[in-house]
Visitor: 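Pasting in a structure now, in structure tokens, and then I'll have a few things to ask.
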Amino acid sequence: MARPHIEPFVERNEDFKKMTMSGFGKGMHYKMLSFDTDTGACTMKVRFDSGYKRPPGFSYSEVEMFLLKGTLKYGDTIYQEGHYFLIPPGVSMPAMSSSRGCEVLLMYNGSEPDFVETDIDHDYADRARFAEVNSYQGMPWMAPAVNPPRTATGCLLKVLKYDERTHAMSFLYILSPEFWQDNISYHDCAEESYHIWGTSWMMQFGDLPTGGYFWRPPYINHGAFACKRGTIAFGRTDSELFNHFHFNPWSNAKENEERSVSRLMHRNPEIYNWIAQRDHNHPHPQDFEHPDDHGHSHSHDHDHGKKK
Amino acid sequence: MDKLGISHARNAEVRAWMKKETAAQKKRYQLIVKEQDDLAPKRDKWIADFLQRIQTRGFNVDADMMRIIKPEEIPTRPKRKFKVVF
């Protein structure tokens, strides 16, 4: 099942659960926001009680953490709200503590939460990928996309993690007061968001308030969009976020996926042709906005597989 | 080993925890599907308003560039069940 489509979910309506798995010690509580039922990868909101302590150690999973509230200490350094960490698998972190308690978003990207007590990196650890930054201080807001189609004015972000190979991103974003955008969007990637503060609205799901969350698989319609008083949120994608805009409220994920391929065929014909002609794997994707548009010419004889 | 994780064995404690979380996640998914089904009358109204707005104020083609959608371009609702959660 992997991660199911969780949208919308408001964590403020739920109680924290005690983390009972070995290695995490006493004083760690969590709300599961989304969970990959195959791998155990997950996103949690976690509360560390005041006085929480953990020895040095690593996880077998890549971990991302965003400090929502309170302060947290690693080694001798105290980190404030808005701090973001990317901890590659097997990288040993110094002893962790929180004297007054704190709340974080905690993401295990490869497998279930785990903790191995040690002050030595795993043999496979890639420490060069470790990153930490305070996203609230000293980073400029930027427009989300340079290449069209872009979101409307009033949506800005700070990129915290960018994978040069997959184009996956983690980012802080804001929607300005009175933001609106009258189109329906979907992407070729999964998308995730947690509302740190503020309420935004989407035509499919209604209001997403403070503490609101979604994990949305690829090709699922969302929007039109509106935000009355502004929103600040933490977001992630698992590959490139490309905006496919349209105005058909009733298209489904399968149709959107096929439309994406059709659009790729027009947007990047060279790469599409390379993919399509390999072993004569020759799909003819349909765009529900252009049902009669075959898109390219060729001179061989086969069934184009158009839907009857 | 990939960027996301280092392979490792899961003990019985971890397997039991995952089983519990899997059940909870499936239950939450079903609840969300129901809540979203219950939202259908409101959503139908929001969609009708949206289809009206894009014919008057326009559709966001790129950023703030708007295009007025012609009545003949407005899609018709298919007969199949309309889902927003997949």
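Each chain gets a letter, A, B and so on, in the order the sequences are listed, and its residues count up from 1.
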Visitor: Side chain, backbone, both or neither: which part of A:P148 has an atom under 4.5 Å from a heavy atom of chain B?
Guide: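 For A:P148, backbone and side chain are both near chain B.
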
Visitor: Which answer fits A:E64, side chain, backbone, both or neither, if we ask what part of it has an atom under 4.5 Å from a heavy atom of chain B?
Guide: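 The answer is neither part of A:E64.
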
Visitor: For A:Q204, is there any backbone N or O sitting under 3.5 Å from a side-chain donor or acceptor partner on B:R43?
Guide: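 Checking the backbone N and O of A:Q204 against the side chain of B:R43, a donor-acceptor pair under 3.5 Å is found.
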
Visitor: Any salt bridge (Lys or Arg N to Asp or Glu O under 4.0 Å) involving residues 75-86 of chain B? Give me the pairs, sequence neighbours left out, ordered by first then second residue.
Guide: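 Passing the test, one end in residues 75-86 of chain B: A:E255-B:R80, B:D37-B:K81, B:D44-B:R77.
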
Visitor: Please, which pairs that meet salt bridge (Lys or Arg N to Asp or Glu O under 4.0 Å) have at least one residue in residues 215-227 of chain A, sequence neighbours excluded?
Guide: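 Those involving residues 215-227 of chain A are A:E7-A:R216, A:E191-A:R216.
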
Visitor: Taking side chain as everything from C-beta outward and backbone as N, CA, C, O, which of these in A:S34 sits under 4.5 Å from a heavy atom of chain B? Side chain, backbone, both or neither.
Guide: both

Visitor: Would you sort out whether B:W46 and A:M202 count as a side chain to side chain contact (heavy atoms under 4.5 Å, CB included), showing the intermediate values?
Guide: CA-CA 9 Å; B:W46 293 336; A:M202 279 179 283; over 6 Å; no

Visitor: Side chain, backbone, both or neither: which part of A:P88 has a heavy atom under 4.5 Å from chain B?
Guide: neither

Visitor: Which pair of heavy atoms, one from B:P78 and one from A:W250, lies closest together, and at what distance?
Guide: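 Minimum heavy-atom contact is CD-CB, 3.4 Å.
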
Visitor: Contact part of A:L86 toward chain B, heavy-atom cut-off under 4.5 Å: side chain, backbone, both or neither?
Guide: neither

Visitor: Where does B:V61 contact chain A at under 4.5 Å (heavy atoms): side chain, backbone, both or neither?
Guide: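 For B:V61, the contact with chain A is made by the backbone alone.
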
Visitor: Is the positively charged end of B:R57 above the ring of A:W180, judged by distance under 6.0 angstrom from the centroid and angle within 45° of the axis?
Guide: yes

Visitor: Within the side chain of A:H5, is there an N or O that forms a donor-acceptor pair under 3.5 Å with the backbone of B:V85?
Guide: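 Answer holds: no.
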
Visitor: What part of A:M107 gets within 4.5 angstrom of chain B, counting heavy atoms only: side chain, backbone, both, or neither?
Guide: neither

Visitor: Verify the distance criterion only: is there a donor paired with an acceptor across the side chains of A:T37 and B:Q25 at less than 3.5 Å?
Guide: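 Short answer, no.
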
Visitor: Quick one: what part of B:F82 sits under 4.5 Å from any heavy atom of chain A, side chain, backbone, both or neither?
Guide: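 Interface part for B:F82: side chain.
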
Visitor: Taking all non-hydrogen atoms of both residues, which atom of A:F247 and which atom of B:P75 are closest, and how far apart?
Guide: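 Smallest interatomic distance, heavy atoms only, reads O-CG, 3.7 Å.
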
Visitor: With a 4.5 angstrom heavy-atom cut-off, could you sort out which part of A:F58 is near chain B: side chain, backbone, both or neither?
Guide: neither

Visitor: For chain B, find which of A:T39, A:T166, A:N243, A:D114 contributes the most heavy-atom pairs closer than 4.5 angstrom.
Guide: A:T39

Visitor: Heavy-atom distances under 4.5 Å only: say whether A:D163 touches chain B with side chain, backbone, both or neither.
Guide: side chain

Visitor: To the closest 0.5 Å, what do you measure between CG (B:L39) and CZ (A:F205)?
Guide: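 It comes to 10.0 Å.
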
Visitor: What residues form a salt bridge (charged side-chain N to carboxylate O under 4.0 Å, His left out) with A:E117, not counting sequence neighbours?
Guide: none

Visitor: When you measure from the side chain of B:D64 to the backbone of A:T153, do you find a donor-acceptor pair of N or O atoms at a distance under 3.5 Å?
Guide: yes

Visitor: If you tally heavy-atom pairs under 4.5 Å against chain A, which of B:I74, B:N11, B:V14 wins?
Guide: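 Looking at each option in turn, the highest pair count goes to B:V14.
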
Visitor: Which atom pair, heavy atoms only, marks the closest approach of A:T20 to B:E13?
Guide: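 That would be O-OE2, 3.6 Å.
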
Visitor: Which residues in residues 218-227 of chain A have any heavy atom closer than 4.5 Å to a heavy atom of chain B?
Guide: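 Under the 4.5 Å heavy-atom cut-off, A:I220, A:A224 qualify.
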
Visitor: State the CH2-OH distance between A:W215 and B:Y29, to the nearest 0.5 angstrom.
Guide: 15.0 Å

Visitor: Donor-acceptor pair, distance only, cut-off 3.5 Å: does the side chain of A:N183 make one with the backbone of B:N60?
Guide: yes

Visitor: To the nearest 0.5 Å, what is the distance between NZ on A:K17 and CD on B:E21?
Guide: 3.5 Å

Visitor: Can you tell me how far the CG atom of A:D38 sits from the CE atom of B:M18, to the nearest 0.5 Å?
Guide: 7.5 Å

Visitor: Working to the nearest 0.5 angstrom, can you tell me the gap between A:M203 CE and B:D49 CG?
Guide: 10.0 Å

Visitor: Taking every non-hydrogen pair under 4.5 Å, which of B:E73, B:K42, B:M65, B:K19 racks up the most with chain A?
Guide: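 Option with the greatest count: B:E73.
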
Visitor: Which atom pair, heavy atoms only, marks the closest approach of B:I54 to A:D182?
Guide: CG2-O, 4.1 Å

Visitor: Would you give the length of the straight line joining atom OG of A:S59 to atom NE2 of B:H8, rounded to the nearest 0.5 angstrom?
Guide: 7.0 Å

Visitor: With a 4.5 angstrom heavy-atom cut-off, which part of B:M66 approaches chain A: side chain, backbone, both or neither?
Guide: side chain

Visitor: Give me the atom names and distance for the closest heavy-atom approach of B:K3 to A:R129.
Guide: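 So the minimum-distance heavy-atom pair works out to O-NH1, 3.5 Å.
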
Visitor: Taking every non-hydrogen pair under 4.5 Å, which of A:A152, A:G40, A:S61 racks up the most with chain B?
Guide: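 Top option by heavy-atom pairs under 4.5 Å: A:A152.
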
Visitor: Side chain from CB out, backbone as N, CA, C, O: work out which of these in B:R15 comes under 4.5 Å of a heavy atom of chain A, or both, or neither.
Guide: neither

Visitor: Around atom CD of B:E72, are there more than 12 heavy atoms of other residues, nucleotides or ligands at under 6.0 Å?
Guide: yes

Visitor: Does atom NZ of A:K228 have more than 12 heavy-atom neighbours from other groups under 6.0 Å away?
Guide: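 Atom NZ in A:K228 is not crowded, with 12 or fewer foreign heavy atoms closer than 6.0 Å.
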
Visitor: Between A:T151 and chain B, which part of the residue has a heavy atom less than 4.5 Å away: side chain, backbone, both or neither?
Guide: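 Just its backbone gets close to chain B.
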
Visitor: Go through the atoms of B:L31 and report whether side chain, backbone, both or neither lie under 4.5 Å from a heavy atom of chain A.
Guide: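 No part of it gets close to chain A.
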
Visitor: Checking B:R28 against A:F35 for the side chain to side chain contact (heavy atoms under 4.5 Å, CB included) test, could you report, in this order, the C-alpha distance in whole Å, the side-chain angles of both residues, the deciding distance, and whether it holds?
Guide: CA-CA 11 Å; B:R28 176 175 304 158; A:F35 181 74; over 6 Å; no

